[in-house]
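The block underneath contains the structure these notes are about, expressed in C-alpha cells.
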Amino acid sequence: MTQRIRKAVFPVAGLGTRFLPATKTVPKEMLPIVDRPLIQYAVDEAVEAGCDTLIFVTNRYKHAVADYFDKAYELEQKLEKAGKHELLEVVRNVIPAGVRAVFVTQTEALGLGHAVLCARPVVGDEPFAVLLPDDLIWNRGPGALAQMVDLAQATGSSVIATQVVPKEQTSSYGIVATSEFQDRAGRITAIVEKPSPEEAPSNLAVVGRYVLSPRIFPLLEATAPGRGGEIQLTDAISALLAEDEVLAYRFQGTRFDCGTHIGLIEATIRHALDHELLSEAAQGFMRDALSELGVLDVQ
Ligand code: UTP
C-alpha cells in the first residue's frame with residue numbers, strides 16, 4: 001500500500017440512540033465541542049493527513065451534515081457587510097480549498113461495515129481512511145490519522161488505531177490479539193467484535209480510525225450480519241487478516257469517546273480548559289462547582 005491515501009470515509013448514518021432525544025433532529029456528529037461540531041474535528045484530522053476527498057456516508061435524517069459543508073450565501077454576505085472577516089474565514093474554511101466533499105446514502109442502518117461498503121463506488125481501487133467522528137482524538141503533534149497514514153505508506157499495510165482499555169470494558173469494543181509490538185505497531189493476529197472480558201483475547205481495543213486496503217470491499221460484500229444483526233467492519237477485517245498484513249497502532253494523543261455522555265462532557269471540559277479565551281473562566285467555575293459539592297477544598 002505505497003499508494004498515497006487521498007480518500008477519507010466518514011460513516012455518519014448511525015441512529016445515535018445514546019443521545020436521544022437531542023438526536024431526533026440533531027445528528028450526533030453535529031453536537032459541538034465548544035463551537036465546532038464533532039464532524040469538523042474529524043474532517044480537520046483527515047485534511048491534515050493529506051486527504052483531499054471526503055466521503056460522507058449519510059441517511060435521510062442527516063441533512064444537517066450536508067448543509068454544514070454547503071456554502072452559506074446569505075450568512076457569508078452578512079458577515080462580509082458587517083466587516084466580520086475572521087468569522088467569514090471560519091465559515092468558509094469548514095472544508096479548505098482544493099478538498100472536495102462527496103455524499104453517499106446508506107438507505108438502511110445495516111451496520112458500520114455496510115456503511116463503509118456504501119462508499120466503494122467513490123473510493124474505487126485504492127487504500128483509504130475511515131474516521132468515526134464520535135471518537136475525538138486530540139494531539140499536540142501530528143493527528144492520529146496522519147501518524148497512521150505515515151505508517152501505512154511506509155509498510156504497505158492496513159493500519160487500525162488501538163488503545164488499551166480496562167478489561168471490564170472489552171464488550172464495548174472490537175478487541176485485537178497481536179504479535180509483539182515494535183515501537184507503536186504490532187501485527188494483528190485476531191480481531192473480535194465486543195467480546196466479554198472472559199472471551200477477549202487482550203484488552204487492546206479498536207478505536208475509530210482505520211487505513212484500509214481496498215481488498216476490504218469484496219470481503220465486506222461477503223460478510224453476513226454478525227453481532228447485533230449488523231454487517232460488522234470487524235468481521236471483514238478478520239477475513240482480511242488471512243490475505244494481508246494489518247497493523248494495530250497505538251497512536252499518540254488523547255481519545256474522547258464522544259458517542260457516550262461522559263466522553264462528550266470530558267471532551268468539552270478539556271477543550272474549554274485548553275482554550276485561550278475560555279480557560280481561566282472554565283477553571284474558575286469548575287473550582288466553585290467542586291467546592292460547592294465539597295469535593296475540592298478551595299482556600
Ligand atoms: P455506533 O455504534 O456509535 O452507533 O456507530 P450510532 O448509531 O452512531 O450510535 P448509538 O450507539 O445508537 O448511540 C459507529 C459509527 O458507525 C456509523 C455511525 O454513524 C458511527 O459513526 N454507522 C453505524 C453507520 O454509518 N451506519 C450504520 O448502519 C451503523
Side-chain angles (χ1 to χ4, degrees), residues 7-31 33 37-43 45-46 54-66 68-69 101-123 128-137 144-145 160-163 165 169-175 191-195 205-210 212 216-217 220-221 223-237 255-265 267:
K7 295 179 180 171
V9 176
F10 302 85
V12 293
L15 301 177
T17 53
R18 282 173 287 181
F19 282 98
L20 282 170
T23 43
K24 261 181 90 181
T25 55
V26 181
K28 177 171 72 172
E29 301 73 25
M30 296 307 296
L31 297 174
I33 302 293
L38 285 173
I39 189 85
Q40 182 72 62
Y41 292 92
V43 159
E45 192 182 322
L54 312 179
I55 305 159
F56 300 93
V57 182
T58 67
N59 65 27
R60 62 193 164 284
Y61 304 110
K62 304 269 177 146
H63 294 292
V65 176
Y68 178 75
F69 291 110
V102 182
F103 294 86
V104 172
T105 304
Q106 184 189 28
T107 49
E108 253 186 287
L110 297 178
L112 173 60
H114 180 259
V116 171
L117 185 57
C118 290
R120 184 181 194 176
V122 187
V123 172
F128 64 103
V130 176
L131 298 96
L132 307 189
D134 48 10
D135 271 332
L136 194 157
I137 303 180
L145 189 68
I160 296 177
T162 57
Q163 180 181 39
V165 297
Q169 289 179 14
T170 57
S171 58
S172 301
Y173 295 91
I175 299 290
I191 182 166
V192 196
E193 183 65 14
K194 301 192 168 78
V206 173
V207 307
R209 301 289 183 276
Y210 310 75
L212 295 170
I216 198 75
F217 289 128
L220 277 170
E221 236 162 18
T223 299
R227 215 182 160 92
E230 296 194 335
I231 295 175
Q232 298 288 354
L233 182 57
T234 304
D235 293 341
I237 293 171
R255 165 196 170 245
F256 301 96
D257 180 1
C258 296
T260 67
H261 295 167
I262 202 67
L264 189 77
I265 292 166

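Order of appearance sets the numbers: ligands from 1, and atoms from 1 within every ligand.
- When heavy-atom distances to ligand 1 are checked against a 4.0 Å cut-off, Ala115 comes that close only through its side chain, counted from C-beta outward.
- Residue Pro11 has at least one nitrogen or oxygen atom sitting less than 3.5 Å from a nitrogen or oxygen atom of ligand 1, judged on distance alone.
- Here the CD atom belonging to Glu193 is positioned 9.0 Å from the CD1 atom belonging to Ile175, to the nearest 0.5 angstrom.
- Between Leu112 and ligand 1, no pair of N/O atoms sits closer than 3.5 Å.
- Under the 4.5 Å side-chain criterion, counting only non-hydrogen atoms from C-beta, Arg120 is in contact with Leu117.
- With rounding to the nearest 0.5 Å, the separation of CD in Glu221 from CD1 in Ile231 is 10.0 Å.
- Contact record, Val206 with Tyr173: O-CD2, 3.6 Å, taken as the closest heavy-atom pair.
- Contacts with ligand 1 closer than 4.0 Å are made by side-chain heavy atoms of Lys28 only, the backbone lying farther away.
- Close approach of ligand 1 to Asp134 is summarised as follows: ligand atoms under 4.0 Å from at least one heavy atom of the residue are 3 (O).
- Against a heavy-atom cut-off of under 4.0 Å, Gly14 is close to the following atoms of ligand 1: 7 (O), 8 (O), 18 (C), 19 (O), 22 (N), 23 (C), 24 (C), 25 (O), 26 (N).
- The shortest non-hydrogen separation linking Tyr210 to Leu212 is CB-CG, 3.9 Å.
- Using a 4.5 Å heavy-atom threshold, the side chains of Leu54 and Val43 count as touching.
- Nearest to atom 29 (C) of ligand 1 by heavy-atom distance, out of Gly111, Ala109, Gly259, Gly208, is Gly111.
- Residue Gln106 touches ligand 1 through its side chain alone, judged by heavy-atom distances below 4.0 Å.
- Between Lys28 and Asp134 there is a salt bridge, since a side-chain N of the basic residue sits under 4.0 Å from a carboxylate O of the acidic one.
- Contacts of Glu29 with ligand 1, taken as heavy-atom pairs under 4.0 Å, involve the side chain alone.
- Inclusion of Gly16 in the set of residues having an N or O under 3.5 Å from an N or O of ligand 1 is warranted.
- Side-chain contact between Thr105 and Cys118 is absent, with no heavy atoms from C-beta onward closer than 4.5 Å.
- Here the protein heavy atom with the shortest distance to atom 7 (O) of ligand 1 is Leu15 N, 2.7 Å.
- A donor atom on one side chain and an acceptor atom on the other are not found under 3.5 Å apart for His114 and Glu230.
- Classification of the Phe10-Phe56 ring pair by plane angle, with boundaries at 30° and 60°, yields parallel.
- Less than 4.0 angstrom separates atom 11 (O) of ligand 1 from at least one non-hydrogen atom of the protein.
- Heavy-atom neighbours of Phe103 CZ from other residues, nucleotides or ligands within 6.0 Å: above the threshold of 12.
- Considering backbone and side-chain atoms alike, Arg18 places an N or O below 3.5 Å from some N or O of ligand 1.
- Comparing heavy-atom distances from atom 15 (C) of ligand 1 across Leu132, Val12, Asp257 singles out Leu132 as nearest.
- Taking atom 25 (O) of ligand 1 as the reference point, the nearest protein heavy-atom neighbour is Ala13 N, 2.9 Å.
- Only the backbone of Leu110 comes within contact range of ligand 1, with a heavy atom under 4.0 Å; no side-chain atom does.
- For Phe19, no nitrogen or oxygen atom sits less than 3.5 Å from a nitrogen or oxygen atom of ligand 1, counting backbone and side chain alike.
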